[in-house]
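This is the structure, below, for whatever I ask next.
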Amino acid sequence: MEIIHFDRLDSTNEYAKKLEFNSNLRRAIVADSQDKGKGREKRKFVSDKGGLYFSIVIDEEIVPNKLSFITQITAAAIYKALKEFGIDTFIKWPNDIILNRKKLAGILVESVSRGLRMRIISGIGVNVENDVQNIEGATSLKTEGFIVDKESLLGEIIEHFADFYDRLQVDDIDEALNIVKRNSYILNKEILVHKNKDVLPALAKDISADGSLIVEYKGGGREAIYSSGVQIRLNNK
Ligand code: BTN
């Protein structure tokens with residue numbers, strides 16, 4: 001993987017969209033800080049110096065397999081990398097990595113397509129030693145007492161992502177799916193599904209091979225939820 005490093009960018013995901021298409025090369029765009037870091041659902045992702053912010057860019061000549069599962073393999077890769085540093089995290093479907101009940105990392109997967117050609121961009125932000133005091137519900141590795149070298153963490157996440165991605169293309173998702181299920185922050189818990197201004201109490205039942213979350217609504221009915229437009233909160237009543 002080619003790693004392209006910047007001191008500062010608006011957003012590594014946005015920069016990634018402007019690169020020349022090259023299906024022979026996998027790239028990672030890294031920035032020490034971002035002025036307009038993007039989160040899911042058009043939220044801002046605060047990206048001050050000290051954190052790890054990068055986008056993995058994969059160009060494909062044909063539409064790749066199981067796009068909807070890419071966020072889950074990214075989460076599994078971050079989980080596995082942190083575990084190697086002795087750090088146990090949870091995965092809050094669809095895209096948050098949780099440490100001591102607070103958000104440590106977020107994932108924003110985007111794709112751009114032109115005909116059959118497609119670019120996958122998996123954007124990852126990890127709070128390493130950046131100041132998170134003013135970010136509600138967030139923590140950093142440093143706050144939790146872990147000193148981790150950013151370059152080593154980057155290398156590990158990239159390696160695990162590439163491995164999971166290659167296996168996804170041949171439908172080998174067992175390990176990634178097991179990781180996101182076994183270390184889920186919400187499975188078998190009461191949750192609130194925020195959807196189109198509705199707040200629906202439900203039980204989080206399962207994560208499917210297509211990356212969707214299976215919920216059982218308290219009011220009756222079961223549904224496979226895909227991430228867009230949905231917010232999940234634990235129901236700590
Ligand atoms: C979220 O928590 O909603 C997702 C956050 C994703 C942040 C990363 S940081 C690197 C990449 N570039 C961006 O602008 N966003 C992602």
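Keep in mind the model is a prediction, meaning the values are calculated, not measured. Order of appearance sets the numbers: ligands from 1, and atoms from 1 within every ligand. Reckoned from all heavy atoms, side chains included, excluding hydrogens, waters and symmetry mates.
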(request) Would you please classify the geometry between the Phe90 ring and the Tyr185 ring as parallel, tilted or perpendicular, with 30° and 60° separating the classes? (result) tilted
(request) Answer yes or no on whether Arg222 is positioned over the face of Tyr217, meaning its NZ or CZ is under 6.0 Å from the six-membered ring centre and within 45° of the axis. (result) no
(message) Tell me whether Arg119 contacts the main-chain N or O of Ala16 through its side chain, where contact means a donor paired with an acceptor under 3.5 Å.
(response) yes
(request) Kindly say whether the aromatic ring centers of Phe6 and Tyr15 come within a distance under 6.0 Å. (result) yes
What does the N/O contact table under 3.5 Å look like for ligand 1?
{"unit_1": "ligand 1", "atom_1": "2 (O)", "unit_2": "Lys103", "atom_2": "NZ", "d": "2.4"}
{"unit_1": "ligand 1", "atom_1": "3 (O)", "unit_2": "Arg40", "atom_2": "N", "d": "2.7"}
{"unit_1": "ligand 1", "atom_1": "3 (O)", "unit_2": "Asn95", "atom_2": "ND2", "d": "3.4"}
{"unit_1": "ligand 1", "atom_1": "12 (N)", "unit_2": "Thr12", "atom_2": "OG1", "d": "3.0"}
{"unit_1": "ligand 1", "atom_1": "12 (N)", "unit_2": "Gln34", "atom_2": "OE1", "d": "3.0"}
{"unit_1": "ligand 1", "atom_1": "14 (O)", "unit_2": "Ser11", "atom_2": "OG", "d": "2.7"}
{"unit_1": "ligand 1", "atom_1": "14 (O)", "unit_2": "Lys38", "atom_2": "N", "d": "2.7"}
{"unit_1": "ligand 1", "atom_1": "15 (N)", "unit_2": "Lys38", "atom_2": "O", "d": "2.8"}

(message) Strictly distance-based, threshold 3.5 Å: is any side-chain N or O of Ser184 a donor or acceptor partner for the main-chain N or O of Ile186?
(response) yes
(request) Describe, in one word, how the ring planes of His160 and Phe164 are oriented to each other, choosing from parallel (under 30°), tilted (30 to 60°) and perpendicular (over 60°). (result) tilted
